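In what follows, a single structure is set out as structure tokens and then discussed.
Small disclaimer: the values here were computed from a predicted structure and weren't measured. Whatever order the structure lists ligands and atoms in, that order sets their numbers, starting from 1.
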Amino acid sequence: MKFHIETWGCQMNDHDSEKLSGMLVREGHEAVGSVAEADLVLLNTCSIREKAVHKVHSQLGRLRELKAQRPLLIGVAGCLAQQEQEALFKQAPHVDFVLGTMALQQLPRLLEEAKAGRRVMDTAEYPDNHLFPPEVTQRRSTAKALVTIMEGCDHACTYCVVPTTRGPERSRPVADILDEVKLMVEQGFREVELLGQNVNSYAGGCSFAELIERVSEVDGLEWIRFTTSHPMNFTRELGRTLATNPKVAPFLHLPIQSGSNSVLKRMLRGYTVEEYLERLGYLGEARERFAISTDFIVGFPGETDEDFEGTMAVLEQVRFDASFSFIYSPRPGTPALRLSDDIPAQVKAQRLARLQKRQTELTLASHEKAVGKILEVRVESLTVTEQGHWLARTGRWENVHLTVGAGRTLPFGSLVRARITGAGPHFLRGELA
Ligand code: 5AD
Ligand code: SF4
């Protein structure tokens, strides 16, 4: 079959799509670039906020029209599949199969059944889901290889669907992870991103900090990234490793969510603002080198003006280099549903706009500090873009538009030295040094 996978959501979902794609290729199917060319469309969905769910449903609507005109198999995977399960068949009767987030390796079987005309679902929790064979994965990035180290989340943040959609924490054994990292380096990757819903609570035979040390010993590997971290599990040991291991890229995404202790308490985040700041301090002198990014939720139930000022204050205090901010979205089955969603939509929108405006200024100021420097950057594009530059990233995860001569190519994922010549809020400009 010709298949097309559409992916929403986080890096974990991106990587799941690489695994799904790999299984389909292994079974002899062919990846195509669009829905129009495909006879199997697989939607790998996200349900973190209402908006993400809307996008899936509108795509399902378009696929229904297409399926009325020609044969088409439609599968739904990912967090919405895990959350809705058979309800998805009711909402969208043209869906042929539903594949849960913890049953990835059941895809070939479900597809066979669906091809035989049976509508099927598997949303069970398979104990080996996180032990996916790395040689099967079809990697899409040419610059960094995504490597699962753990799956699931044992926290219980009151707004979040992830504990339901991704299940309890399961860690991959250290040896498996090291084997995959070595394989990636053999295949030409020089950078890995260690993935998990909560990488700091890694428990596959050593601590997360030790895992980083072990991974860094792989010859030929240049940069290690990881996502995503929970401040509650951010240890002094981890701070020390990040600060001292030369292969750790100087970028830390540590979601704070709010700058108000009473909101954090209602979110059940398990730390105060002061404790969050203390954990950032674990980076010691390396704090200056590191770009720090975070996530914020505004308009959480009961968030007063004063609470929101706390969020603005922490933004100012930390001077985050980047942040992702969202309006609170009530999610099915989450404890926060018991709190009344009492902040007027207009107030939420104003708070979000104010936060984002200030963040844009801070990001610009952070980018401007790079101007005039010569930095090592990893080239992400294989060829020159239409605008005449390569896309590249600094260790701090800043986008760089790198001006080069027309028609030049590079081996994928190369590190080059770039002279930074300009800065905007979304990217740096540079030239080969
Ligand atoms: N509403 C709004 N934002 C949410 N996030 C998670 N759940 C919700 C929700 N119900 C945000 C958090 C998290 C990021 C991935 O998405 O900020 O860190
Ligand atoms: Fe979306 Fe969260 Fe699922 Fe990632 S884990 S796809 S962000 S709901």
Side-chain angles (χ1 to χ4, degrees), residues 7-16 44-56 78-80 82-84 101 151-166 193 195-201 226-234 251-260 263-271 273 276 279-280 292-303 307-308 310-312 314-315 318 320 322-343 345 347-349 351-353 355-356 359 397:
T7 313
W8 289 273
C10 59
Q11 285 97 323
M12 272 62 81
N13 243 27
D14 287 340
H15 192 38
D16 282 351
N44 194 9
T45 63
C46 172
S47 62
I48 194 91
R49 285 171 291 273
E50 189 61 35
K51 247 193 207 159
V53 175
H54 273 312
K55 288 183 195 162
V56 177
C79 289
L80 187 63
Q82 190 66 42
Q83 185 185 298
E84 295 293 327
T101 54
E151 287 182 356
C153 182
D154 285 349
H155 287 286
C157 306
T158 52
Y159 52 80
C160 189
V161 286
V162 173
T164 4
T165 63
R166 293 279 170 171
E193 182 161 30
L195 291 185
Q197 266 77 33
N198 182 13
V199 287
N200 318 151
S201 49
F226 55 91
T227 199
T228 186
S229 306
H230 193 300
M232 220 169 132
N233 310 91
F234 194 93
F251 172 75
L252 174 63
H253 181 66
L254 195 63
I256 186 168
Q257 311 299 0
S258 169
S260 148
V263 171
L264 287 173
K265 200 165 179 185
R266 267 174 288 133
M267 289 178 166
L268 227 67
R269 288 291 287 175
Y271 55 83
V273 175
Y276 178 93
R279 313 249 151 118
L280 276 187
I292 310 289
S293 82
T294 199
D295 291 341
F296 290 109
I297 296 176
V298 304
F300 190 75
E303 185 189 66
D307 290 326
F308 178 68
T311 295
M312 291 302 293
V314 85
L315 179 66
V318 178
F320 289 103
S323 67
F324 303 90
S325 43
F326 314 96
I327 287 177
Y328 167 68
S329 169
R331 307 310 301 130
T334 57
L337 284 183
R338 286 196 296 268
L339 308 169
S340 85
D341 183 13
D342 53 354
I343 315 294
V347 173
K348 289 178 184 167
R351 287 180 186 167
L352 186 72
L355 179 61
Q356 293 185 338
Q359 181 63 66
W397 198 234

Per-atom contacts of ligand 1 with Ile327, taking only distances under 4.0 Å to non-hydrogen atoms:
1 (N), 2 (C)
Counting from 1 in the order shown, the ligand 1 atoms closer than 4.0 Å to a non-hydrogen atom of Gln257 are 12 (C), 13 (C), 17 (O), 18 (O)
Is there a ring-ring contact (aromatic ring centres under 6.0 Å, His included) between His253 and Phe226 once you walk through the steps?
CA-CA 9 Å; His253 181 66; Phe226 55 91; 9.9 Å; no
Any nitrogen or oxygen of Arg331 lying under 3.5 Å from a nitrogen or oxygen in ligand 1? Just yes or no.
no
If I apply the N/O under 3.5 Å rule, does Tyr328 come out as touching ligand 1?
no
Looking only at heavy atoms, is any part of [X] under 4.0 Å from ligand 1, and if so is it the side chain, the backbone, or both, or is it neither?
X      : value
Val162 : neither
Phe326 : side chain
Ile297 : side chain

Glu50 versus Ser329, side-chain donor and acceptor atoms under 3.5 Å
no
I'd like to check His15 versus Glu193 (side-chain heavy atoms, cut-off strictly below 4.5 Å). Are they in contact?
no
Taking only residues at least two apart or on different chains, which pairs with a member in residues 155-165 satisfy salt bridge (Lys or Arg N to Asp or Glu O under 4.0 Å)?
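For residues 155-165: none.
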Which one of Phe296, Tyr159, Phe324, Phe300 has a non-hydrogen atom at the shortest distance from atom 8 (C) of ligand 1?
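Heavy atom nearest to atom 8 (C) of ligand 1 belongs to Tyr159.
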Would you kindly check if the NZ (Lys) or CZ (Arg) of Arg49 is within the cone defined by 45 degrees around the ring axis of Phe326 and under 6.0 Å from the six-membered ring centre?
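Geometry flag: set, cation within 6.0 Å and 45°.
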Sequence neighbours excluded and cut-off under 3.5 Å, please list the side-chain donor-acceptor pairs for residues 151-158, or say none.
from, atom 1, to, atom 2, distance (Å)
Glu151, OE1, Asn129, ND2, 2.9
Glu151, OE1, Arg170, NH1, 3.1
Asp154, OD1, Glu169, N, 3.0
His155, NE2, Asn198, ND2, 3.1
His155, NE2, Asn233, OD1, 2.8
Thr158, OG1, Arg266, O, 2.8

